[in-house]
Amino acid sequence: MFWLKKFFLIIIVFLSLVNCISCVSNNSYSSVDSYGWMETEKDLTNNWLLSESNRSMKILEKLDLFSSIEKRFSELTDYGTEPIIHNIRLKGDNTFYLKRTNKHPYNRLFVKDRFGKERLLVDPSVGYIYNFYPSNDGKYIAYAISENGSEVSTINVINVKTKAHLVDSLSGITASNIVWASDNLSFFYHRNNFANSNNRKLGTEELYLHRLGSHIEKDSAIFGVANIDDYQANTDQNINLSLSASWAVASVESSISGDAIDLYLTDSNSLYLENKHWKKIIDRKQNVEDFFVRDNWLYLAKYNNFSGYTISRLNLNHIHSPEEKIIEWKKGELDLFTVSKDAIYLAYYDYGKYKFVAIPFSDLHNIKMIPISDGNEVTAIFSSLDNKEILFTQQNWNMPPKILQYDPDSQLIEDSKIINTDTSLFADYESEQKWVKSNDGELIPLTLIHRKGVKLDGSNPTWLFAYGAYGQSEYPYYYDTTRLIWLEKGGIIAIAHVRGGGELGPKWHYDGKGKNKINSVNDFIKCAKYLIDHHYTNSSKLVISGVSAGGIVIGSALARHPELFAAAAITSGMLNMSRLDQIPIGNANYAEFGSPFNKQEFKNLQTIDAYLNLREGINYPPVMLSVGLQDARVYPWQSAKFAARLGEINSSQNENVFIIANQEDGHFINNFVNMVVFFMWKTNITD
């Protein structure tokens, strides 16, 4: 191993000298980037990552607690026999859903009829089902499947009755977003013309029409460059389509930042004509975030000046008439916005109070509150334009999801019995929310999960997590039994709801993006200090983690206040933000973080660039960096550069920088077991 490390060190030094000029950004770093070669020398970088990963795994596997953690992880993963069911679709008397079980830990597509009889429809041999879309009559299902975690998928179609695949197979699909036409023999879908190339993120995102039995080359673009005069071929435009009998409305988003959308209108019949005409009816300056069409009405969800939302509707026969306001609230996130046969359903926060309501189309001002248990949240709504009844999932941080059925006529809520819910596993644990004052006086929500009656003596191992980007809120959507591995050892799990997320509405997102991104970092640091100052833990017991854009927060907090933390773990992290233009999702992120080609925004990116802010002579705590070498969003060199620089600074310390690299994984690498072992080791937790 020593000679291998020495070999790679020689290569690093040599390439650093050779590339000392070319490795500098067009915007120029303040000094030469010693590890810039990692951006262009992919094979060498990947080999180095794999070598370091091998070294890291050998160290972790020798630890006494490694085997016991693996065993407990397996036990908790296998806890109970109930499957994981998600993506429920209701069509007539049939219920379609994806299911994973212990025996089959991957998505399989099932249908259950009104008599409760379940049939397996699709059991993929390779890859996983990304999403599926039943036709309006329930006769066919189009589903998107990708291989080995790739973000490029293929759309296949099956006959529900016979389970036979049709000849249709559409490859090179990004986000499928399928909408079936009224004839049930054709559908609209989303694709990128560069999907199968290394430059697919620079391609054009458009909507196409596919007729069953035809070849993909015969599909026609119904919304895109050829149809829209001012169409901008930006990356990840998140195009969506909603149809009624008379109208079609398509949306375009300019980035992946969670910003407002443009809406275009045409009549439904024109979708099948060669010369389609779309008219822009809503500009993104109007702050619309979501929509759907019903009959001659366009229903809109837009964020307002109070950092809340307004739900309204617009008559498509009179688009210049004023919108009709339906409901409005201040300072709170719109969590769920969907529609059934007879009503609109909303789940949202209003000044921190969670609300779940139904708004019947027959009387839009008769807003019906749907009761949910205290402390619980609605994490999914499953509805259909064919049914009055809906299904919804209710859960909290310590309670597994329960799928309930709601009848709007009787207002009766019953257990759907789709899954059985065992609440005993977390019976000894509780969650609480604290409010932490940040640098500018803003109060930051901090969720804590721990054993009941926890002692505040400063000795509890505490795992603090944050994301804080794209307006995404950290709510208890994922019930994870494996977190007990940490809790059972007396640990505390903490979630810092920093600005940049959406927990307190659109302004919460705005105050943590672009020029304000440093607020996300400051909020996190204040939450860390709160945990120490209020004796939940101490710096030798406080570990931190983040994934993807959460790497900005964790990496920057580590660079600024290494003395606060015992260890850190970053997965698929965005750690070299001043090089944002050099990763696949870079230009789609300019609205969220800033552009390297704008002088002031480039300075802002340098401020939140964890790699650039590492300093000589600082004793940084141990760090674990996890990467999938097939990551098509954030290239692995971002983590590689950070790891190499950190190892250079702390060269005198052994076992300080750990890398876990997987040759087959992409952006969503799962490294939970190694992370738990690493954190327990560095906080002196033993068996």
Side-chain angles (χ1 to χ4, degrees), residues 238 240 242 249 251-265 280-294 297-316 318-339 343-359 361 364-369 377-378 381 440-445 468-475 497-516 519 591-592:
N238 298 329
N240 286 287
S242 182
V249 176
S251 68
V252 177
E253 187 176 339
S254 63
S255 74
I256 60 176
S257 186
D259 289 333
I261 55 181
D262 293 328
L263 292 181
Y264 293 83
L265 176 70
K280 182 188 281 190
I281 57 171
I282 297 289
D283 187 270
R284 65 193 61 170
K285 293 179 181 179
Q286 294 173 257
N287 297 331
V288 173
E289 282 198 354
D290 206 350
F291 75 103
F292 67 84
V293 180
R294 180 183 169 86
W297 293 94
L298 172 63
Y299 292 83
L300 303 169
K302 61 171 65 176
Y303 55 89
N304 55 40
N305 294 330
F306 309 105
S307 195
Y309 285 80
T310 301
I311 309 299
S312 62
R313 69 174 184 173
L314 177 67
N315 190 328
L316 293 176
H318 305 283
I319 59 174
H320 298 296
S321 299
E323 296 171 19
E324 178 185 352
K325 185 189 296 185
I326 299 173
I327 186 175
E328 183 176 71
W329 65 91
K330 301 178 180 180
K331 199 167 186 179
E333 175 72 342
L334 172 60
D335 199 8
L336 298 168
F337 176 54
T338 191
V339 59
I344 304 168
Y345 288 88
L346 302 173
Y348 62 97
Y349 287 83
D350 186 4
Y351 274 109
K353 186 175 182 180
Y354 194 77
K355 296 182 178 181
F356 182 34
V357 304
I359 307 174
F361 289 115
L364 290 174
H365 300 290
N366 180 22
I367 300 171
K368 298 180 179 179
M369 302 294 297
E377 298 176 8
V378 177
I381 302 173
D440 57 358
E442 188 68 68
L443 294 178
I444 313 303
Y470 310 116
Q472 178 177 313
S473 301
E474 294 302 317
Y475 293 134
H497 304 279
V498 301
R499 281 172 285 184
E503 285 85 348
L504 296 179
K507 190 175 184 297
W508 199 253
H509 176 207
Y510 176 82
D511 286 347
K513 64 180 288 193
K515 64 181 180 180
N516 300 319
N519 284 337
E592 180 72 19

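Side-chain atoms are counted along with the backbone in the values below, which use heavy atoms only and exclude waters and symmetry mates. Everything quoted here is computed from the prediction, not taken from an experiment.
Looking at every heavy atom in both residues, Ala260 comes nearest to Arg284 through CB-O, 3.1 Å. Closest approach of Gly502 to Ser473, counting heavy atoms only: C-OG, 3.1 Å. The minimum heavy-atom distance between Ile282 and Val288, with the atom names listed, is CG2-CG2, 3.6 Å.
The shortest distance between side-chain heavy atoms of Tyr349 and Leu334 does not fall below 4.5 Å. When side chains are defined from C-beta on, Asp283 counts as touching Lys280, because their heavy atoms get closer than 4.5 Å. Between Phe356 and Glu377, the closest side-chain pair of non-hydrogen atoms is not below 4.5 Å. Residues Ile327 and Thr310 are not in side-chain contact: their nearest non-hydrogen atoms beyond the backbone lie 4.5 Å or more apart. Glu328 has its side chain out of reach of Ile311: every pair of non-hydrogen atoms, C-beta onward, lies at least 4.5 Å apart. No side-chain heavy atom of Trp329 sits under 4.5 Å from any side-chain heavy atom of Asn304. At a threshold of 4.5 Å between non-hydrogen side-chain atoms, the residues Trp297 and Leu316 do not count as touching. In this structure, the side chains of Phe291 and Leu298 come closer than 4.5 Å at one or more pairs of heavy atoms.
Taking the centre and axis of the six-membered ring of Tyr299, the NZ or CZ atom of Arg294 falls outside the cone set by 45° and 6.0 Å.
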inquiry  = Set out, in order, the CA-CA distance, both residues' side-chain angles and the distance that settles side chain to side chain contact (heavy atoms under 4.5 Å, CB included) for Tyr303 and Glu289, then state yes or no.
reply    = CA-CA 7 Å; Tyr303 55 89; Glu289 282 198 354; 3.2 Å; yes

CA sep, side-chain torsions, deciding dist, call: Val378, Asp335, side chain to side chain contact (heavy atoms under 4.5 Å, CB included) = CA-CA 9 Å; Val378 177; Asp335 199 8; over 6 Å; no

query = What's the verdict on side chain to side chain contact (heavy atoms under 4.5 Å, CB included) for Tyr264 and Val252, showing C-alpha distance, side-chain angles and the deciding distance?
reply = CA-CA 8 Å; Tyr264 293 83; Val252 177; 4.3 Å; yes

request  = Check step by step if side chain to side chain contact (heavy atoms under 4.5 Å, CB included) holds for Leu300 and Leu263.
outcome  = CA-CA 10 Å; Leu300 303 169; Leu263 292 181; 3.6 Å; yes

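When the side-chain hydrogen bond (donor to acceptor under 3.5 Å, both in side chains) test is applied to Glu324, the partners found at least two apart in sequence or on another chain are Arg313.
Between the side chain of Asn519 and the backbone N or O of Asp511 there is at least one donor-acceptor pair closer than 3.5 Å. In this structure, the side chain of Asn315 does not engage the main chain of Ser321 through any donor-acceptor pair within 3.5 Å. Judged by distance alone, with hydrogens and angles left aside, the side-chain atoms of Tyr351 form no donor-acceptor pair with the main-chain N or O of Leu504 at under 3.5 Å. A donor-acceptor pair is defined here as one N or O able to donate and one able to accept, closer than 3.5 Å; such a pair exists between the side chain of Ser307 and the backbone of Lys507.
A salt bridge between Lys302 and Glu323 is present, with a side-chain N of the basic residue lying under 4.0 Å from a carboxylate O of the acidic one. In summary, Asp440 and Arg499 engage in a salt bridge, as defined by a charged side-chain N under 4.0 Å from a carboxylate O.
Side-chain atoms of His509 and Glu592 include a donor-acceptor pair closer than 3.5 Å. His497 and Glu503 form a side-chain donor-acceptor contact under 3.5 Å, judged by distance and modelled atom types alone. With no hydrogens or angles considered, no side-chain donor-acceptor pair links Tyr475 and Glu333 at under 3.5 Å.
One finds the CG atom of Asn240 at 7.5 Å from the CD1 atom of Ile261 (value rounded to the nearest 0.5 Å). The structure places OG1 of Thr338 at 10.0 Å from CD1 of Ile344, a figure rounded to the nearest 0.5 Å. Between Ile359 atom CD1 and Leu364 atom CG the span is 7.5 Å, to the nearest 0.5 Å.
The environment of Lys368 atom NZ is dense: over 12 non-hydrogen atoms of other residues, nucleotides or ligands sit within 6.0 angstrom. Enclosure of atom CG in Asn305 is not indicated, since only 12 or fewer non-hydrogen atoms of other residues, nucleotides or ligands lie within 6.0 angstrom. More than 12 heavy atoms of other residues, nucleotides or ligands shown are found within 6.0 angstrom of CZ on Phe361.
Centroid-to-centroid, the aromatic rings of Tyr348 and Phe337 stay 6.0 Å apart or farther.
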